[in-house]
Structures are given as C-alpha cells and as structure tokens.
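Have a look at the structure below before the remarks.
Below, chain A is the first sequence line, B the second, and so on; all start at residue 1. The analysis underlying the following values was restricted to heavy atoms, covering all of them including side chains, and did not include hydrogens, waters or symmetry mates. In this text the structure is predicted, and so the values were computed from the model without any measurement.
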Amino acid sequence: MGEFPKEIVPQSQKFFEQPTLELAKALLGCLLVKETDFGMAAGYIVETEAYIGPTDRAAHSYNNKRTGRTEIMFHRSGLVYTYLMHTHCLFNVVSGGEGNPEAVLVRALEPRFGIELMKSRREIKELTKLTDGPGKLTKSLGITMEDYGNSLTLPPLFIAKGFSPESISVGKRIGIDNSGEAKDYPWRYWITNNKFVSRHQKAEYVVKNE
DNA sequence: AGCAAGATTAGCT
DNA sequence: GCTAATCTTGCTA
C-alpha cells in the first residue's frame with residue numbers, strides 16, 4: 001500500500017457485513033479507489049441505492065434468481081458486482097451475506113484523487129459532470145467487468161475510509177419505474193446538498209448526524 | 001439462433 | 001422532456 005497516500009485506509013471485511021440498508025448509508029463519504037497501469041483515481045461516494053434481492057422486484061436477484069450475471073450476489077459481502085447496462089458498466093457492492101443476494105449500487109462520486117486521469121477517460125473538463133452518474137463514475141475510474149467478483153478490501157479496486165456526512169437524504173430509487181410496488185421503496189441515499197449527485201429529487205426524509 | 005429488455009447517457013427540442 | 005445509441009444477458013424455441 002506504499003504507493004497510496006497514507007490517509008487511504010481500506011475498510012475491513014467486517015464493514016461490509018452490516019445489513020444492506022445500513023451499509024448503503026455507511027458507504028456515503030467512503031472513498032472508492034481504482035488503481036490501473038495509468039495511475040490511481042478515487043472519489044468519495046455521495047449517492048447509493050440498496051437492492052434487497054429476494055423480495056425486491058427491482059433487483060436482478062428478485063425471487064432469488066440465480067444466473068451467470070447475479071451469481072456473485074449469492075456470495076459473501078464486500079465483493080464487486082459489475083454488470084453492463086446498454087453501453088455502460090455499473091458498479092455494486094455485494095451485501096446480505098452468503099446465500100442472501102443483496103447489493104448496493106454506487107450512483108455518484110465526488111472526485112478526490114486522479115482527477116486529470118478521470119477527465120482524460122471521459123474526454124470532458126467539467127468536474128461536476130465527471131462522476132455524477134453510475135455509468136460515468138465507472139468510466140472515470142476505469143472500472144470494468146474485469147473487476148467482477150473481486151474483493152473490495154484490497155487493490156486494485158477497493159473502498160477506503162472517508163468522512164462522516166453531516167446529513168443524509170433518503171428517497172425513491174432511480175430508473176426502475178417498471179418494478180411494481182418496489183419503485184416506491186425509499187432505498188436511495190445521498191449526501192444532502194452534495195452537487196455531485198446524479199439527479200435532484202425531493203427527499204422523503206433527512207437524517208442528521210450529530 | 002433469435003429476440004426483447006434494460007439499476008444509462010448524450011444530445012436535441 | 002424525448003429519443004437514439006448500442007450490446008450483453010437471459011429466455012424461448
């Protein structure tokens with residue numbers, strides 16, 4: 001780990017073993033780090049969504065559906081679940097524990113390290129459009145399907161300790177309108193007033209930290 | 001082997 | 001707000 005700034009401290013396996021809704025909140029403020037041959041890029045997680053497979057119609061693993069794509073969700077918490085959506089790779093943290101297919105989708109980051117590298121990958125200049133969406137952040141960090149199934153406690157792709165947000169907003173998840181009742185579950189979390197979130201939405205409620 | 005759908009994005013009206 | 005782009009997965013035959 002000598003090549004990383006010393007403030008980058010990976011989260012432990014234990015961190016990923018909390019209940020999925022708790023983990024989705026706890027991930028806010030954490031640093032998502034990706035290392036490649038071109039260098040390291042990282043950003044603070046500012047927006048997440050929880051997917052509780054067995055009973056959540058919006059989840060790929062709804063009704064415990066187990067396919068080549070969802071297989072990793074049935075494994076231990078803290079692994080990488082990446083999948084392709086149209087032309088984009090989306091990044092999720094496996095949760096729920098062995099045999100319980102749940103996950104947290106990371107939807108937006110606040111760029112922190114390797115910003116020039118991110119800009120070159122996206123071919124844009126505006127900082128606020130670099131990682132404000134699930135497909136944008138994977139392209140900026142260089143996350144691909146090669147990361148599928150790897151552990152998030154170790155390089156090249158891992159989650160490190162960050163800061164504790166003052167306030168967390170809670171709302172409905174994005175882009176799942178055809179998922180029946182599940183579309184209204186308040187399982188989207190974002191750091192209140194953060195300008196890097198993927199979309200502005202009215203919060204169902206707000207959680208203040210002391 | 002064929003096909004429909006999709007946890008998105010960029011660009012245009 | 002609306003639509004095209006673009007391609008893999010998973011389901012049906």
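Nearest nucleotide to the side chain of A:P134, out of C:dT6, B:dT8, B:dA10: B:dT8. Listed nucleotides B:dA10, B:dA7, C:dC11 differ in distance to A:K65; the shortest reach to its side chain belongs to C:dC11. Here the nucleotide nearest the side chain of A:N92, chosen from B:dA7, C:dG10, B:dT9, is B:dA7. The nucleotide whose nearest atom lies closest to any side-chain atom of A:I176 is, among B:dA7, C:dT8, B:dG6, B:dA7. Checked against B:dT9, C:dT6, C:dG10, the side chain of A:R69 finds its nearest nucleotide in C:dG10.
Proximity of A:K139 to the phosphate of B:dT8: no side-chain N or O atom is located under 4.0 Å from OP1 or OP2. The side chain of A:R199 contributes no N or O atom lying less than 4.0 Å from OP1 or OP2 of B:dT9. At the phosphate of B:dA5, neither OP1 nor OP2 sits under 4.0 Å from any side-chain N or O atom of A:N178.
A straight line from CD of A:E126 to C1' of B:dA10 spans 12 Å, rounded to a whole angstrom. Atom pair A:Y81:OH and B:dA7:P shows a separation of 9 Å (rounding to whole Å applied). One can place CD1 of A:I72 at 15 Å from P of C:dT9, the figure rounded to the nearest angstrom. If you take CE of A:M85 and P of B:dA10, they are 14 Å apart, rounded to a whole angstrom. A straight line from OH of A:Y83 to P of B:dA5 spans 18 Å, rounded to a whole angstrom. Between the CD atom of A:E123 and the P atom of B:dT9 there is a distance of 17 Å, given to the nearest Å. We find that CG of A:N64 is positioned 15 Å from P of C:dG10, with the value rounded to whole Å. Rounded to an integer number of Å, the gap from CZ of A:R66 to P of C:dC11 is 14 Å.
Checked by atom type and distance alone, the side chain of A:K34 pairs as donor or acceptor with a backbone atom of A:G142 at under 3.5 Å.
Judged by closest nucleotide on DNA chain C, A:H88 is the one of A:M145 and A:H88 placed further toward the 5' end.
In summary, A:E166 and A:K208 do not engage in a salt bridge, as defined by a charged side-chain N under 4.0 Å from a carboxylate O. Residues A:E47 and A:R188 are paired through a salt bridge, judged by an N-O separation under 4.0 Å between the basic side chain and the carboxylate.
A:N100 places a side-chain heavy atom less than 4.5 Å from the side chain of A:P54. By the 4.5 Å heavy-atom criterion applied to side chains, A:V80 and A:L152 are counted as neighbours.
Contact annotation for A:R173: no contact, since no heavy-atom pair falls under 4.0 Å across all strands. In this structure, A:L84 reaches the sugar-phosphate backbone alone: every heavy-atom distance under 4.0 Å involves primed, P, OP1 or OP2 atoms, never a base. The residue A:R57 sits apart from the nucleic acid: no heavy atom pair falls under 4.0 Å.
Residue A:Y51 and nucleotide B:dA7 are classified as a stacked aromatic pair, their ring centres being separated by less than 5.5 Å at an interplanar angle below 30°. Per the stacking criterion (ring centres < 5.5 Å, plane angle < 30°), A:H86 stacks onto the base of B:dT8.
As the counterpart of C:dT12, B:dA1 is assigned, both hydrogen-bonding distances of the Watson-Crick or G-U wobble pattern falling under 3.5 Å. When Watson-Crick and G-U wobble pairs are counted only if both distances are under 3.5 Å, C:dT6 pairs with no nucleotide at all.
Nearest heavy-atom pair across A:V206 and A:A203 is CG2-CB, 4.2 Å.
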